[in-house]
Amino acid sequence: LTSPSQSVPIEWTRSENKDSWVSDSRLDLFEEPATKVFVDESSDSCEIVFQCHHACVDGLGLQLAIEDLWLLYDGAVSGQKSKLPEYQIGLLPKRNRFGISLTQIPRILRQQKVGLVGIKQFLVRKPVAVIPHHLVPEDNPLVLSACCHIAQFEKKTVEQLRTVAKNRHATLNELLVCCIFEAIAEFRLRHRFQNPDEWIRMMVPISMRSTDQDAQQTACNIVSSVFLDRIPSQIENPESLLESLHREMDLIKKNRLGLIFIASLWVRKYMATKWTSANPARRCETSVVVTNLGRSFSKYPLLGQDGRMRSGKLILKNIIMLAPMTPFLASAFTINEYAGNLFLALRYDHRVFPEELAKELIDLVLAKSTDWSSRPLNLSGVLSHG
């Protein structure tokens, strides 16, 4: 990694009608810092882009680090000492323990047995890319930029969707995951990409910050991932799909099945075999990523009455976060709430996913959410849960 003393580069620009946030999203940790900052100025505002390597920080950790930055900036502008949260650097090496003590290990192992079937399914099933394509060579002259489409849900709509989910014993996040599955299935059917036996695999990152000491860490990774697989016939009935997603996510949470993915990374690290080769994937391993970062900056001490961050004379109007891309992964959704609004950002690989098709996909997600808002509640299904 680069020297700790190496400064983070900041690029100042003035541009109009940008096609992407970052023209080249690659970061080489052997040659450059893990973070770059881009500031694009206009006459009355500016757009700041933090480009960070996921090997160094997860989404929640990055948001906490940005909070600290704005507190420091506010202090510099006001001339007063910034009051930052107290962090214990000595706890950083313990972040991979996930709050598990020796006495808890037998119970954790029993819980993980529930996930053994899921491991077999993960290895046997062969997921497909949202848009079929060949692997993009690393030396391709057309580099991967950070292109995205963003949809905004107003506060009233967010509360309506939350109520729709609650009435079906689900969470808002599960409802949005359901809408994305529905949209992908319809999108693939429209463009004749879809076969009835093909698996659509969704990677869902989940926070592993379960202890007080985890909450004292910012710019680091304390995260895992779980995988949700569905074939088209399992997506056709939205009510059944939502119910199955809720059951699966509930099982994952109760049994801490996010630890299985962590264990697989340890195996990959310490068992250098052909199976764990570092070579790029030759087939699709994940169709889509959906990550929900929750309420952004909700505990920031300098919030205005409108729920927006204040720092010096600056007001943070909106914040959007994008997930990284991997081979054969051409689309990734990021969800976050800020100042009462919910933002759904679709990052897409423009080398294989044309802009107009990416716009079509996110519009389909919005249409599916509207369908849910107008869909009558099946009382028999609700009573069966009661």
Side-chain angles (χ1 to χ4, degrees), residues 25-26 53-55 115-147 177 180-206 223-235 248 252 257-258 260-291 322-334 346-354 357-358 361:
S25 65
R26 296 172 298 181
H53 202 294
H54 208 329
L116 293 180
V117 175
I119 294 176
K120 180 181 178 181
Q121 293 172 342
F122 180 88
L123 295 174
V124 171
R125 294 169 179 170
K126 296 182 179 180
V128 293
V130 175
I131 292 183
H133 63 276
H134 297 290
L135 180 67
V136 178
E138 291 186 358
D139 59 354
N140 190 306
L142 190 60
V143 296
L144 177 61
S145 62
C147 298
V177 164
I180 292 170
F181 262 125
E182 291 180 77
I184 290 174
E186 182 169 330
F187 175 86
R188 286 174 52 80
L189 185 63
R190 277 186 184 182
H191 295 279
R192 300 181 179 179
F193 298 145
Q194 189 152 277
N195 291 318
D197 59 345
E198 290 183 331
W199 290 97
I200 298 171
R201 173 167 293 166
M202 180 183 293
M203 173 191 274
V204 181
I206 56 173
V223 68
S224 183
S225 291
V226 296
F227 298 86
L228 307 174
D229 293 351
R230 296 293 185 275
I231 55 176
S233 62
Q234 296 172 327
I235 302 175
E248 190 168 354
I252 288 167
L257 297 186
I260 291 179
F261 182 68
I262 298 294
S264 73
L265 295 180
W266 286 341
V267 170
R268 192 179 183 92
K269 178 179 179 180
Y270 292 110
M271 295 180 65
T273 65
K274 183 178 180 180
W275 181 72
T276 59
S277 170
N279 294 329
R282 293 300 169 186
R283 68 177 178 88
C284 176
E285 296 179 350
T286 302
S287 308
V288 64
V289 168
V290 179
T291 179
L322 304 182
M325 298 273 96
T326 57
F328 292 108
L329 175 68
S331 55
F333 289 89
T334 306
L346 168 59
R347 183 182 178 187
Y348 60 95
D349 187 338
H350 67 103
R351 299 170 301 180
V352 298
F353 212 130
L357 291 188
L361 179 57

Item checked: Worked verdict on Phe187 versus Leu357 for side chain to side chain contact (heavy atoms under 4.5 Å, CB included) -> CA-CA 9 Å; Phe187 175 86; Leu357 291 188; 4.0 Å; yes
Next item on the list: Begin from the C-alpha positions of Thr286 and Thr326 and carry the test side chain to side chain contact (heavy atoms under 4.5 Å, CB included) through to its verdict.
Entry: CA-CA 9 Å; Thr286 302; Thr326 57; 5.7 Å; no
Next item on the list: Report the C-alpha distance between Val289 and Leu329 in whole Å, list the side-chain angles of each, state the deciding distance to 0.1 Å, and finish with yes or no for side chain to side chain contact (heavy atoms under 4.5 Å, CB included).
Entry: CA-CA 8 Å; Val289 168; Leu329 175 68; 3.6 Å; yes
Checklist line | Worked verdict on Val226 versus Ile206 for side chain to side chain contact (heavy atoms under 4.5 Å, CB included) | finding: CA-CA 7 Å; Val226 296; Ile206 56 173; 3.8 Å; yes
Check: Do Ser25 and Arg347 pass the side-chain hydrogen bond (donor to acceptor under 3.5 Å, both in side chains) test, and can you show the C-alpha distance, the side-chain angles, and the key distance before you say yes or no?
Finding: CA-CA 12 Å; Ser25 65; Arg347 183 182 178 187; 3.0 Å; yes
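At a threshold of 4.5 Å between non-hydrogen side-chain atoms, the residues Leu361 and Phe333 count as touching. With contacts defined as side-chain heavy-atom distances shorter than 4.5 Å, the pair Ile184/Ile235 does not qualify. With contacts defined as side-chain heavy-atom distances shorter than 4.5 Å, the pair Phe181/Leu228 qualifies. At a threshold of 4.5 Å between non-hydrogen side-chain atoms, the residues Thr291 and Val204 do not count as touching. Within the 4.5 Å cutoff, the side chain of Arg351 has no heavy atoms near those of the Val143 side chain.
The aromatic rings of Phe193 and His191 sit parallel to each other, their planes meeting at less than 30°, with 60° as the upper class boundary.
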Under 3.5 Å, sequence neighbours excluded: what are the donor-acceptor pairs made by side chains of residues 117-130?
from, atom 1, to, atom 2, distance (Å)
Arg125, NH1, Asp229, OD2, 3.4

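Residues passing the side-chain contact (heavy atoms from CB on, under 4.5 Å) test with Pro324 are His54, sequence neighbours excluded. In this view, Arg26 and Asp24 satisfy the salt bridge (charged side-chain N to carboxylate O under 4.0 Å, His left out) rule, not counting sequence neighbours. Glu248 pairs by the salt bridge (charged side-chain N to carboxylate O under 4.0 Å, His left out) definition with Arg230, not counting sequence neighbours. Listed by chain and number, the residues in a side-chain contact (heavy atoms from CB on, under 4.5 Å) with Ile231 are Trp199, Ser233, Gln234 (sequence neighbours excluded). Among residues two or more places apart in sequence or in another chain, the side chain to side chain donor-acceptor pair (under 3.5 Å) test is passed with Asp197 by none.
The CD1 atom of Ile180 lies 9.5 Å from the OG atom of Ser331; values are rounded to the nearest 0.5 Å. Summarising the geometry, atom OG belonging to Ser225 is positioned 12.5 Å from atom CD1 belonging to Ile260; distances are rounded to the nearest 0.5 Å. The structure places CD of Glu285 at 9.0 Å from CZ of Phe328, a figure rounded to the nearest 0.5 Å. With rounding to the nearest 0.5 angstrom, the OG atom of Ser224 is 9.5 Å from the CG atom of Leu257.
Residues Asp349 and Met325 approach most closely at N-SD, 4.0 Å, considering heavy atoms. Scanning both residues, Leu346 and Ala358, for their nearest heavy atoms gives CD2-O, 3.3 Å.
With salt bridges taken as basic N to acidic carboxylate O contacts below 4.0 Å, one links Glu198 and Arg188.
Taking the centre of each ring, His133 and Phe353 stay at or above the 6.0 Å mark.
Ser287 places no side-chain N or O within 3.5 Å of a backbone atom of Ile200 that could act as its donor or acceptor partner.
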